[in-house]
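Here is the structure we will look at, set down as structure tokens.
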Amino acid sequence: MKPAPFRMERPRDIAGATALLATGGDGAKAMAGSQSLGPMLNLRLATPELIVDLTGIDALRTVREEPGHVVYGALITHADVEDGRVPDVGAHILRRVAGGIAYRAVRNRGTLGGSLAHADPAADWVNALSALGAEVEIAGPDGTRRLAIGAFLTGALSTALAAGEILVAVQVPKVPASARFGYVKHCRKVGEFAHAIGAVLVDPEAGSCRALMGAIDAPPLLFPDAARLFGGHIDAGFAARFDATAADAALTAAGMDDAVDRHVHVEVLRRAAVQAATLFTETRSAA
Amino acid sequence: MSETQAHEGVGARLPRQEGVGARLPRKEDDRLMRGRGQFIADIRMTGMQDVAFVRSPLAHARIRGIHVPDDLKDRVFTAADLDGVKPIRAVSGLPGFKVSEQPVLATGKVRQVGELIAMCVADTRAEAEDMAARVELDLEELPALHDMLEARKPGAPLVHEHWGDNVFLESLVNINIEAAFDAPVKVSRTISTARQCMAPIEGRGAVIHFDHRCDQLVVHTASQMPHIVRSGLSECLQMEEGQIRIISPDVGGGFGYKAILLAEEVCLGWLAQKLRRPVRWLEDRREHLTANANCREHHYEITLYAERDGTLRGIDCEASVDSGAYSAYPFSACLEAAQVASILPGPYDFPAYRCRTWSVATNKCPILPYRGVARTGVCFALEVALDALAAELGLPPEVVRLKNLVRPEQMPFDNITNKHFDSGDYPQALHRALDAIKADTVRARQTAGERDGRRIGLGLSIYCEQAAHGTSVYSGWGIPMVPGHEQAGARLTPDGGLELRIGAHSHGQGLETTLAQVACEILGIPVARTRLVHGDTAMTPYSTGSWGSRVMVMAGGAVATACTELAERVRRIGAHMLQARLDEVRLENGRVVGPAGDVTISQVAHTWYRRPQDLPADVDPHGLEVTAGYKPQRDSGTFSYAAHAVVVAVDPELGEVEILDYVIVEDGGTLVNPMVVDGQILGGLAQGIGTALYEEMPFDTSGQPLASTLADYLLPGAPEVPLPFIDHMATPSPYTAFGVKGIGEGGAIAPPAAIANAINDALRPVGAEMLRAPVTPRRIVESVLKARANRRSAA
């Protein structure tokens, strides 16, 4: 199929983009790498009157390394991250996630900002950046604002972006050297969207752990303090104490009725924990 | 002919460097691999218009109205406009077959999602789609049939009201099944394969215009069977066949999908004449997936009767095939189920058999023949059931198979359904496969267990593939197309090159290379100097086309026959030129050799065409162009076969399956080009892996297809397809030229059964058994959890 007719604008700055989107109202749509919007246009599932192409805005391609975090412009592509053209927040943390997104052709064009704004529950950045505690910067006709990613993601394919607003950057906290990040997804084949995602950011020295179960037809289920999934406390042996029953109960409480789905999500989270634990062993023996 | 003699026969004949048996790279790849192929979508014509169709959004509905905006009246056409166009009728001669008429644009009712309702014409496809979006449909939704078993029940809604039920055809074969009932072991299973979509990289498409100089409708269409499309179009458009010319250019994969006359082709044939302009329709992936390319959906209730040592006493089966809403032209709605009954016995010899089949009409796309046709489903049902039997008996799966496989000393062998096996050694194929996969090592590893918690499984399957079956087989089915003798043309050019003409089509089979190899074997003309003319009804002899793994046998035989006659004519002219007696000259390596010298074929051709004054008055006047016909000595088909063995690792918690090793031992008779055969097997294997693990077109209860993009309809990609070890046995067929057998489909037949058997082997200790293809992660986890729950409640 071919897209329904639409008008296309390519502003050169953020103010121009937000102004266009604000005047276009519900009939306007921002486009970055077009890896999700493109197919939706072609299938006529999206029929905007105006498309605002953001790729002419250089300010969205910048990366700032600041104390405690890295700020990625919305147009940074998955391939930029995968290839190490931008700084990572820890040892191969975002690079590993980026390299597993879809196929290289998608990674060449798809962007961090576009992925978050599309808010597909099975998308890697939606899940990985939630687990890492990222914040997003939003620009609109009335100025800029900042939201925790959990507040930004309001549902499957839905965000807190209001008319005229665009996501301009995402700020990701650096991961301390004492922490490890486990990230596992379950796909039917290489490059497909995940049916379950598990992520664990664990720091036994600090006794802290964030855990996440994603690809659940809603924003990911985040445990900012995941100790209760690991017997109540976090130390080096945390993974062996993974409490599948507690994780299963959390999914039930979140409305996941299907026992097979729950089993798979719980198992994927368990493996993410095991992976994080293994990373400690591997880095120690390498040192 | 015994097996040993057959092998000596091949070995005694040294293959020429480029003749039969040479492992040559494909000539056609030079253009195809450089992106220089010429496909339907590459055709541009002055004034060409694009067509988009308004398709039914509902699976079953009465059409109360179609509202075309006034400003589009001369650009949008419905059934009411199609004067003189007949519906597509694909009738089978089998007794009891009920006829469906498929209007090319819907009249009265729509019976499937995606059925054509109106066509919209514009300068571009996007504008045509804009028009289609403005056509309003007034549809009264009717209860839809999405499940063939429900459709068979009395009182079900009716797809074709005047039938009284939803069964295109019911058939019954019973050969003494009662004799098996006292067998000591009886194993029953319900086994099924999902509805799939064939997925050639290139979809369907057509560019059609009327050529007033030739008084012909010129139809460029991506087709495997140009001459059959011509007959079908002529019937629907009520035109003389001579008024229609079909040109099938490069075709990006067929697999059976491009063997079908589409309603879209008929519509455009009418439209090109109405508008007096070239018109084009290019199928997009959404149309392809949701409206057209469906295949495979089988359901089996199968019971095996056996002795405790594994000897089969009988097989009893009820099989249903979801045929969809209409009978597809030319293969009909019941070819698949009719084949099920005749080929279910596979390569096994046993005394009692009963099979009842139903070809069921539902509110889904017509089922189309896909590589392997019914064989993939049949092989899945029988081979998976045989493993269940082996497990019941506590025997390794190969033991049960070896007890029952037809043996080499029985060849040629007529099986229980009168299939005539021409040659082969099936037990040897199985033994070789077990050796190559190192079955003992795999089983030792399986016993030891895996550190990562996955489970190892070894799976086997074996099948036979009847190919190039001809008049005696197809006349019984009475479908619109019955293959007879195959013709081929062979013509020397004045400079000594060779042109071959065939009515079948090459779209991945490598015929431009392999038929040149056949010609080279006889004439000694280099492959580079031979051109294959195909894909054009104006330039080729009639043929039913490329289907049924028939072309190497049939067109290959016809080319050989034509070249043999041409060789004789060359020899006669050469004898004149050498001033020798005919019995003193021979054709050798492209030269006519006499007692005192020789002349090349090029010199012979030059003399015949350019210097006829050098030839005597009584020269043979027939010239250097021959059309010859061919049929094998028996037309009941060649029997190629293969044993597949696969090792998988199954993750019981997530249901992920990894193929660790894959072995194929196949016997395709004499191989004209082993590299091309390997390519056919590799492509088939990829498709078989798709059937086994990934491909499924689900429907909801209202008959809506749920996979409309390739994000939802999963095909295996490069990481999912292993490189198999392939071993060729090459037992020549006693009935065909050079002893070749058809092998085009085999690669896609055995993998689903082998892979499911491997998964079941891995999961047997867990208590899970997978009986539906594709074996998805979800189905595995579901089954594992159920088995655990059962064991808990039993404990």
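In this text the structure is predicted, and so the values were computed from the model without any measurement. To find a chain, count down the sequence lines: A is the first, B the second, and so on, and within it residues start at 1. Keep in mind that the numbers below use all heavy atoms, side chains included, and drop hydrogens, waters and symmetry copies.
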Side chain, backbone, both or neither: which part of [X] has an atom under 4.5 Å from a heavy atom of chain A?
X	result
B/Leu785	side chain
B/Ala133	side chain
B/Arg778	both
B/Leu693	backbone
B/Thr124	neither

Please name the pair of heavy atoms, one in [X] and one in [Y], separated by the smallest distance, quoted to 0.1 Å.
X	Y	answer
B/Ala711	A/Glu192	O-OE1, 3.6 Å
B/Pro777	A/Arg188	CD-NE, 3.8 Å
A/Lys189	B/Leu714	CG-CD1, 4.5 Å
B/Glu653	A/Val264	O-CG2, 4.3 Å
B/Asp130	A/Ala4	OD1-CA, 4.1 Å

Spatial distance of atom [atom1] ([X]) from atom [atom2] ([Y]) [nearest 0.5 Å]:
X	Y	atom1	atom2	result
B/Glu656	A/His195	CD	NE2	10.0 Å
A/His263	B/Glu782	NE2	CD	12.0 Å
B/Asp651	A/Arg271	CG	CZ	4.0 Å
B/Glu129	A/Asn42	CD	CG	9.0 Å

- Would you say B/Asp71 has more than 12 foreign heavy atoms packed within less than 6.0 Å of its CG? yes
- Task: Count the heavy-atom pairs under 4.5 Å between each of B/Ser708, B/Ala52, B/Ala126, B/Ala128 and chain A, then report the option with the highest count.
- Result: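 Counting heavy-atom pairs under 4.5 Å, the top option is B/Ala126.
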- Item | Side-chain (A/Lys2) to main-chain (B/Glu127) donor-acceptor, under 3.5 angstrom | no
